[in-house]
Structures are given as structure tokens and as C-alpha cells.
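To find a chain, count down the sequence lines: A is the first, B the second, and so on, and within it residues start at 1.
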Amino acid sequence: MRIGQLADRLEGAGERLAAGAGALSDADPGAAAFGADQPGRLGAVGRLLHERWSGALAVRAREAAAHGARLVDGADLLGTAAERYRGADASARSRHDIEAQ
Amino acid sequence: MDTLAWVAEPGRDLLARVDAVLAASGAPADHPIWPLLRRVGALPGDVLEAYCGFAPDRLVAAGERVRVRAETYAEERADLAAAVAATDWTGTAASAFEQRWAALGEHLGGAAAPDAPSLAGRLAATASYVDDVAAWMRDARDDLAHEVATALGSQEAVRLRVDSPGGNGSAVSAATIGVAVLAVADRQSGAAEEVAERWAGRLAELPFRPFAQSSGGGRADGTTNIPL
């Protein structure tokens with residue numbers, strides 16, 4: 001596989017990861033499903049359980065967005081490296097052609 | 001349909017009487033229902049309604065959606081690892097990238113296992129947490145169903161039907177049934193708090209480590225070889 005192709009794969013993965021981050025909150029059935037709307041300690045327990053869940057989903061979304069950006073950065077680094085090598089290769093060929101004349 | 005669903009209807013009728021008698025007549029001053037009422041902060045009828053409203057299947061479905069996403073992360077990592085391995089590239093830049101990829105791949109995670117210190121692992125832990133909450137809800141419903149079924153066949157339930165509402169016999173009977181129901185709410189609230197506590201660490205944010213634990217540079221051999 002060529003470096004440019006690897007960079008594309010990395011960039012695609014990063015974009016998918018970041019795009020999916022927002023969808024994680026869709027998995028929350030709501031506080032009432034945890035009993036958060038009940039009176040007394042029943043409701044307090046429901047709110048505690050739901051806060052753990054919704055808080056965890058928010059953290060997972062943040063992690064996914066951050067790591068998606070890291071993968072895209074990694075793709076950029078690969079692209080830059082490939083460009084640099086291409087430049088070095090082109091100037092080496094050019095020198096070789098001049099010396100051969 | 002679980003046991004609580006079977007006893008819910010007659011249970012509602014019984015606990016409505018219990019609540020009404022407790023509200024109208026109270027209970028003896030030294031009755032154990034008082035500390036339970038203070039700790040639970042709700043009447044026996046409220047407990048039944050709350051537990052009837054639990055929907056563990058909805059939580060399991062929510063967890064499954066998150067678990068599928070965790071598996072997607074692991075698959076994505078496997079695909080990328082195969083792409084990195086298939087790139088024939090050596091030299092200093094290749095070695096630097098290999099180290100970077102090791103850290104990126106390790107953080108993404110190779111398996112959707114709840115104990116794995118990776119993003120896939122944290123997602124799996126999040127799914128397992130809500131599975132645990134759903135399991136607690138089922139246990140709590142079974143626990144309450146047992147107490148309500150027992151109360152429905154008790155002498156106290158008969159007395160609540162035949163005694164005059166303002167009588168002392170009714171007050172003691174209502175308090176006795178109330179204790180059985182509120183004790184479920186008390187111990188099950190404690191069990192739920194333990195579930196929340198047990199998972200707290202595994203749901204926390206996972207910091208990214210720029211240098212992977214398992215990274216090993218194998219592409220820096222002094223020559224540069226690159227497919228452009």
C-alpha cells in the first residue's frame with residue numbers, strides 16, 4: 001500500500017470516529033427510564049444512575065471527537081512526509097539527469 | 001411478563017389502602033415504619049408505582065447500541081493496523097510514524113472488553129454499566145413482587161379490608177405491610193448506589209498516551225525505502 005493511500009484510510013477513520021461521537025447521545029433513553037422522576041430516595045437513586053450513564057456517554061463522545069482529530073492529524077503527517085519524499089526523489093532524479101548529460 | 005407485573009394490579013389496590021390508612025391514622029410512635037419512611041421519602045404505593053415504571057429492556061437496548069459502536073472501534077483499528085502493515089515503508093520517518101500509530105491504535109482499542117484501557121473498552125464498560133443497572137432493576141422488581149405477593153395473602157391485608165379505616169388494628173396492619181414494602185425500597189436503593197459506585201472508575205475519561213506501552217520501532221534501518 002502507498003503512503004498516500006494509508007493517509008486516506010487514516011483520515012477516513014478519523015472522520016468516521018468524530019462524526020459518530022455526536023450520535024452517542026441518541027443512546028440515552030432519558031432520565032425517566034432510570035426512575036429519576038420518582039419521589040424521595042427512589043428518584044435520587046434514579047438520578048444518580050442516569051447521571052452516571054449520561055455523563056459516561058458525554059465523555060465517550062468527547063473521547064471519540066478528540067481521537068478522530070488525532071487520526072486526521074496522523075493522516076496529515078503522513079501526507080506531509082510523502083510530499084517531502086516526493087520532492088527529494090524528484091530533485092535526485094533531476095540531478096541524475098543533469099549529470100548524465 | 002415478570003412476577004411484579006402479575007401482582008401489580010391487586011398490589012396497587014392493597015397499597016392504596018395502606019397509604020390511605022397511614023395518611024389518616026399514622027402508626028404507633030415506636031413502629032419501625034417511621035425510620036423507613038424517613039430514609040425512603042416515599043409511601044409504599046409510590047414504591048410500587050416506581051418499580052412498575054422500570055423498563056430494564058429499554059436500558060439493555062441502549063447498552064446494545066453502545067456495544068455495537070465499541071465493536072466498530074475494534075474493527076476500525078484492525079483495518080488500520082492491516083493497512084499500516086501493508087505499507088512497505090522504512091526509514092526514520094517510517095519509524096516515527098510506526099510509534100505514533102502504535103499509540104493511536106492502542107488508544108482506539110483492539111477489543112470491546114469492559115476492562116480494556118482503550119476507547120473501545122470504555123464504550124464496552126459504558127454498555128456493561130447500563131446492563132448492570134437493568135439487572136438491578138429486574139432484581140428489585142422480583143424483590144418487591146415477592147413482598148407484595150406475601151402481603152396480599154397476609155392477615156394484615158384481610159384486616160385492612162374488614163376493619164374500620166380509623167381503627168387501631170388497621171393502622172398497625174398498614175404499618176406492617178408498609179414496612180415490608182419500604183424495606184425493599186431501602187435495601188434496593190443501597191444496591192443501586194453500589195452499582196453506580198462500582199462502575200465509576202471504568203466510566204471516567206481515558207487520557208491519551210502519546211507513546212504506546214507496546215510500541216517498538218522496527219522500520220529505522222538507516223535506509224529509506226518508500227512507495228510514493
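Within the 3.5 Å criterion, the main-chain N or O of Leu108(B) finds no donor-acceptor partner in the side chain of Arg77(B). A distance-only check finds no donor-acceptor pair linking the side chain of Arg141(B) to the backbone of Leu4(B) [under 3.5 Å].
Ring geometry for Tyr129(B) against Trp199(B) counts as perpendicular: the plane angle is over 60°, on a 0 to 90° scale with 30° as the lower cut.
Shown here for Ile33(B) and Ala175(B), the closest heavy-atom pair between the two residues is CD1-O, 3.7 Å.
Looking at Ala55(B), only its backbone comes within 4.5 Å of chain A, counting heavy atoms on both sides. Using a 4.5 Å cut-off between heavy atoms, Arg122(B) contacts chain A through both its backbone and its side chain. If you measure heavy-atom distances from Glu63(A) to chain B, the contacts under 4.5 Å come from both the backbone and the side chain. With a threshold of 4.5 angstrom between heavy atoms, Leu17(A) approaches chain B through its backbone and through its side chain. Proximity to chain A is absent for every atom of Leu43(B), based on heavy atoms less than 4.5 angstrom apart. Heavy-atom distances place both the backbone and the side chain of Arg16(A) under 4.5 Å from chain B. Both the backbone and the side chain of Ala200(B) come within contact range of chain A, with heavy atoms under 4.5 Å apart. Using a 4.5 Å cut-off between heavy atoms, Glu197(B) contacts chain A through both its backbone and its side chain. Contact annotation for Asp26(A): both backbone and side-chain heavy atoms come within less than 4.5 Å of a heavy atom of chain B. Residue Leu24(A) touches chain B through its side chain alone, counting heavy-atom pairs closer than 4.5 Å. Interface remark: Glu76(B) contributes side-chain atoms only to the contact with chain A (heavy atom separation under 4.5 Å).
The residue among Gly40(A), Gly55(A), Ala66(A) with the most heavy atom pairs within less than 4.5 Å of chain B is Gly40(A). Most heavy-atom pairs under 4.5 Å with chain B, from the set Arg9(A), Gln5(A), His67(A): that is His67(A). Of all the listed residues (Ala83(B), Gly41(B), Ala204(B)), the one sharing the greatest number of non-hydrogen pairs under 4.5 Å with chain A is Ala83(B). Interface summary for chain A: among Phe54(B), Phe208(B), Trp101(B), the most heavy-atom pairs under 4.5 angstrom belong to Phe208(B). Chain A forms the most heavy-atom pairs under 4.5 Å with one residue out of Leu206(B), Val133(B), Leu104(B), and that residue is Leu104(B). Residue with the most contacts toward chain B among Ala23(A), Ala13(A), Gly46(A), Gly35(A): Ala13(A) (heavy-atom pairs, distance under 4.5 Å).
The pair Asp115(B)-Arg202(B) meets the salt-bridge criterion, with a side-chain N (NZ, NE, NH1 or NH2) lying under 4.0 Å from an Asp/Glu carboxylate O. Using a 4.0 Å cut-off between charged side-chain N and carboxylate O, Arg12(B) and Glu49(B) make a salt bridge. Using a 4.0 Å cut-off between charged nitrogen and carboxylate oxygen, Arg138(B) and Asp142(B) do not count as a salt-bridge pair.
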Go through the steps to decide whether Glu147(B) and Arg187(B) satisfy the test salt bridge (charged side-chain N to carboxylate O under 4.0 Å, His left out), and finish with yes or no. CA-CA 13 Å; Glu147(B) 295 300 338; Arg187(B) 65 175 167 265; 3.6 Å; yes

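Residues Phe97(B) and Leu10(A) have side chains in contact (heavy-atom distance under 4.5 Å, counting atoms from C-beta outward).
Under 3.5 Å, the side chains of His50(A) and Arg47(A) contain no donor-acceptor pair of N or O atoms. In the model, Asp143(B) has a side-chain atom that pairs as donor or acceptor with a side-chain atom of Gln188(B) under 3.5 Å.
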